[in-house]
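Report on the following structure.
For reference, positions follow the sequence shown, starting with 1. Owing to the predicted nature of the structure, the values given are computational and were not obtained by experimental measurement.
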Amino acid sequence: MATVTVVIPTFNEVDNLPLLAEALLALPLDDLRLLVVDDDSPDGTGKVADELAAAHPGRVGVVHRPGREGLGRAYVEGMETALSAGAEFVVQMDADFSHPVDAVPRLLGTAQATGAACVIGSRYVPGGTLAAEWSRRRRALSAWANFYVRTVLRVRLRDVTAGFKIWRAESLTALDLGGISSGGYSFQVEMHYRATRAGMTIVEIPIHFSDRRAGSSKMNLRVQLESALMPWRLRFRPAGRGPSRPPR
């Protein structure tokens, strides 16, 4: 079995984290580990994460950060920690139950079967679905965001803004995580763009994307603005910065 580390950034997810950890650790993957990256949550999520680590030594780890520095920065620190601990695959996953826990073995199996650098749990390939609770406006905004990014960056992914995926360790190493410039949700787009530019294979498999179970969204105006501007920054990045191979 491959060593898989699920990296979960958290900020005020005290109600979701214990249940999510229980579900992940119950998966039929003996070498699955959970790494919580907490941004000093005022609701006590970090303390709960420490309690989970004490209850599951060797399977749950915690990275405590001094405050909110953005989703992208949290993922970079979590991924680097997972790689240094010997993870062969790294899963990105939200703490709010929007991503299906039972799809993690499918992500791993697809990565192993195809040799892909990254396998995305996609909302927008055939068979992918969205939560019934999503309004028409929210569905339209999500679809528009994907169309916008694909058009600007010429990336041939159906769900280029997806946050649920698995990476091979060697692919993350090759992408130079320290050079990632996105701090917020645009981290997802930058990673996909870099991988595509580097000629890496990305596979999408369908998932059902659920509405968050508890708590509130961390999306704000600043994050939305960064997400809108980042595709243009990536497209017109000066020569010599970042991956240099053209999109396929």
Side-chain angles (χ1 to χ4, degrees), residues 1-14 16-18 20-25 27 29-41 43-96 99 101 104-105 107-108 111 117-121 162-192 194-195 198 200 218 242:
M1 295 292 291
T3 301
V4 180
T5 298
V6 182
V7 176
I8 301 181
T10 57
F11 184 78
N12 288 348
E13 297 288 356
V14 69
N16 288 319
L17 182 59
L20 182 61
E22 180 182 2
L24 284 167
L25 296 177
L27 289 172
L29 299 172
D30 293 338
D31 289 327
L32 182 142
R33 300 167 186 170
L34 171 61
L35 180 64
V36 180
V37 184
D38 186 67
D39 278 5
D40 195 26
S41 298
D43 72 346
T45 301
K47 181 176 183 295
V48 169
D50 287 335
E51 292 170 353
L52 288 168
H56 303 281
R59 297 204 68 191
V60 178
V62 187
V63 174
H64 290 283
R65 284 154 40 92
R68 296 187 70 178
E69 300 175 7
L71 182 74
R73 302 270 67 81
Y75 264 128
V76 167
E77 189 164 350
M79 288 174 165
E80 289 177 340
T81 300
L83 293 176
S84 66
E88 297 173 81
F89 292 89
V90 176
V91 174
Q92 291 181 236
M93 191 172 192
D94 289 349
D96 60 6
H99 300 149
V101 172
V104 172
L107 291 177
L108 175 61
C118 175
V119 179
I120 294 173
F164 183 43
K165 70 205 79 170
I166 190 170
W167 292 92
R168 287 184 176 275
E170 56 265 34
S171 300
L172 291 177
T173 300
L175 288 177
D176 180 23
L177 292 171
I180 296 292
S181 58
S182 300
Y185 286 84
S186 58
F187 169 80
Q188 314 292 6
V189 171
E190 183 171 358
M191 289 289 286
H192 296 152
R194 281 172 170 255
M200 296 180 182
K218 311 306 184 296

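- With a 4.5 Å cut-off on side-chain heavy atoms, Q188 and K165 count as touching.
- Proximity of a side-chain donor or acceptor of D43 to a complementary backbone N or O of T45 within less than 3.5 Å is detected.
- None of L24, V4, T5, V91 except one satisfies the side-chain contact (heavy atoms from CB on, under 4.5 Å) rule with L34; the exception is L24.
- Minimum interatomic distance between V90 and L83 (heavy atoms only, all atoms of both residues): CG2-CD2, 4.3 Å.
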**Report entry** Working for salt bridge (charged side-chain N to carboxylate O under 4.0 Å, His left out), residues E51 and K47
**Finding:** CA-CA 6 Å; E51 292 170 353; K47 181 176 183 295; 2.6 Å; yes
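- Checking side-chain atoms of R168 against main-chain N and O of A111 turns up a donor-acceptor pair under 3.5 Å.
- In this structure, E22 places its CD atom where only 12 or fewer heavy-atom neighbours from other residues, nucleotides or ligands lie under 6.0 Å away.
- Nearest heavy-atom pair, A82 versus L35, reported as atom, atom and distance to 0.1 Å: N-CD2, 4.2 Å.
- Considering CG of L25 and NE2 of H56, their distance stands at 5.5 Å, rounded to 0.5 Å.
- Results of the side-chain contact (heavy atoms from CB on, under 4.5 Å) test with F164 over D94, I120, L107 single out L107 as the only residue that passes.
- Using modelled atom types, one finds a donor on one side chain and an acceptor on the other under 3.5 Å when comparing T10 with D38.
- The heavy-atom pair separating P9 from A74 by the smallest distance is CB-CB, 3.9 Å.
- A 4.5 Å side-chain heavy-atom check between L175 and W167 finds at least one atom pair inside the cut-off.
- In this structure, L177 and M79 approach most closely via the heavy-atom pair CD1-CB, 3.7 Å.
- The only option from D96, I8, V48 that meets the side-chain contact (heavy atoms from CB on, under 4.5 Å) definition with N16 turns out to be D96.
- A salt bridge links E190 to R194: at least one charged side-chain nitrogen sits closer than 4.0 Å to a carboxylate oxygen.
- Two residues are said to be in side-chain contact when any heavy atoms from C-beta on lie closer than 4.5 Å; L172 and M191 meet this criterion.
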| Criterion side-chain contact (heavy atoms from CB on, under 4.5 Å) on V104 and L32, from CA distance to verdict | CA-CA 10 Å; V104 172; L32 182 142; 4.1 Å; yes
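- In this structure, R65 contributes its side chain and D40 its backbone to no donor-acceptor pair below 3.5 Å.
- Just one residue in the list T81, L71, V76, V7 forms a side-chain contact (heavy atoms from CB on, under 4.5 Å) with V37, and that residue is V7.
- With contacts defined as side-chain heavy-atom distances shorter than 4.5 Å, the pair R73/D39 does not qualify.
- Side-chain contact between V36 and E13 is absent, with no heavy atoms from C-beta onward closer than 4.5 Å.
- The two residues E80 and G178 come nearest to each other via the heavy atoms OE2-N, 4.0 Å.
- Under a 3.5 Å cut-off, the side chain of T3 and the backbone N or O of D31 do not form any donor-acceptor pair.
- Residues A87 and A169 come closest through the heavy atom pair O-CB, 3.2 Å.
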